[in-house]
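Quick note: numbers below take in every heavy atom, side chains included, and nothing from hydrogens, waters or symmetry partners.
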Amino acid sequence: VGSVLASYGWYMLLAVVAVYLLVQKVSRSLAARPSGRRGAAEAAEEPDVVVRRQEALAAARLRMQEELNAQAERYKEKQRQLEEERRRQKIAMWESMQEGKSYKGNLKLNQQEVESGASASAVPKSKPNKKPLRGGGYNPLSGEGGGTCSWRPGRRGPSAGG
């Protein structure tokens, strides 16, 4: 025994320390992890906590559902008002057409009346002179000044002709 200890003593001491540290680490991780039995025991001990939590959850869901219903009702009312306004405009256009007037001109007049009623002190603005979109020397066949557009050949393939 003495010769084994003399030969392998340090190795045996390191192995014992490593096993001890491993056991400590495993025992800490098992203590930190909640076990299923302990959680079930706590739930059985305090059922009123579980009931209160479920009631609070149900109340929160009910509040959220009521808010959603109120939003849906407001949206439906707004849609109803928009539909009524569209119906009135169609009736006004039909009546103006029956009278022989231009319904587009009548619609523009109605919109101007609404705008002038909203801002009575508004001064009509004169339109600024519009400059042309392209210069006078623009020629699409010349290939110059075209901007980003350019001719590209079509796809090659078996359906190209025949």
Side-chain angles (χ1 to χ4, degrees), residues 1 4-99 101-128 130 133 147-150 152-160:
V1 178
V4 172
L5 247 141
S7 301
Y8 301 106
W10 288 110
Y11 297 114
M12 291 172 61
L13 181 64
L14 289 175
V16 168
V17 169
V19 169
Y20 176 75
L21 292 175
L22 185 66
V23 168
Q24 290 293 324
K25 186 170 184 166
V26 169
S27 66
R28 275 193 229 131
S29 66
L30 288 177
R33 188 175 60 177
S35 65
R37 284 182 255 140
R38 190 175 74 191
E42 287 178 2
E45 291 173 8
E46 299 182 21
D48 57 336
V49 172
V50 175
V51 169
R52 271 189 266 132
R53 187 178 304 138
Q54 289 177 349
E55 288 174 353
L57 187 62
R61 286 181 181 156
L62 185 63
R63 274 194 313 269
M64 288 170 51
Q65 186 64 41
E66 288 173 356
E67 289 175 9
L68 185 64
N69 290 342
Q71 287 177 354
E73 195 63 35
R74 286 192 299 265
Y75 179 75
K76 285 180 184 178
E77 183 63 31
K78 187 182 287 186
Q79 291 297 91
R80 218 175 288 129
Q81 289 174 355
L82 288 174
E83 192 64 33
E84 182 67 23
E85 183 64 30
R86 286 187 198 125
R87 189 181 67 80
R88 286 183 192 146
Q89 286 180 355
K90 284 183 180 181
I91 290 172
M93 287 185 343
W94 177 256
E95 289 174 354
S96 67
M97 285 177 59
Q98 293 297 325
E99 294 172 2
K101 298 177 182 177
S102 170
Y103 68 91
K104 289 185 180 179
N106 189 15
L107 184 61
K108 289 180 183 177
L109 288 175
N110 289 341
Q111 288 177 352
Q112 287 176 356
E113 289 173 5
V114 169
E115 289 174 2
S116 65
S119 60
S121 63
V123 176
K125 297 179 181 177
S126 62
K127 292 184 179 180
K130 291 186 178 180
L133 294 176
T148 60
C149 297
S150 63
R152 294 185 183 172
R155 289 180 40 195
R156 298 180 73 184
S159 64

| request: Under the side chain to side chain contact (heavy atoms under 4.5 Å, CB included) rule, collect the residues that match up with Leu62, sequence neighbours excluded. | output: Glu66
| query | How would you list, by chain and number, every residue that makes a side chain to side chain contact (heavy atoms under 4.5 Å, CB included) with Arg87, sequence neighbours excluded? | reply | Glu84, Ile91
| Trace of the salt bridge (charged side-chain N to carboxylate O under 4.0 Å, His left out) decision for Glu73 with Lys76 | CA-CA 5 Å; Glu73 195 63 35; Lys76 285 180 184 178; 5.0 Å; no
| Can you check whether Glu85 reaches Arg88 side chain to side chain, under 4.5 Å on heavy atoms? | yes
| query | Atom CZ in Arg86, atom CG in Leu82: separation rounded to 0.5 Å? | reply | 5.5 Å
| Partner residues of Glu77 under the side chain to side chain donor-acceptor pair (under 3.5 Å) criterion, sequence neighbours left out | Arg80
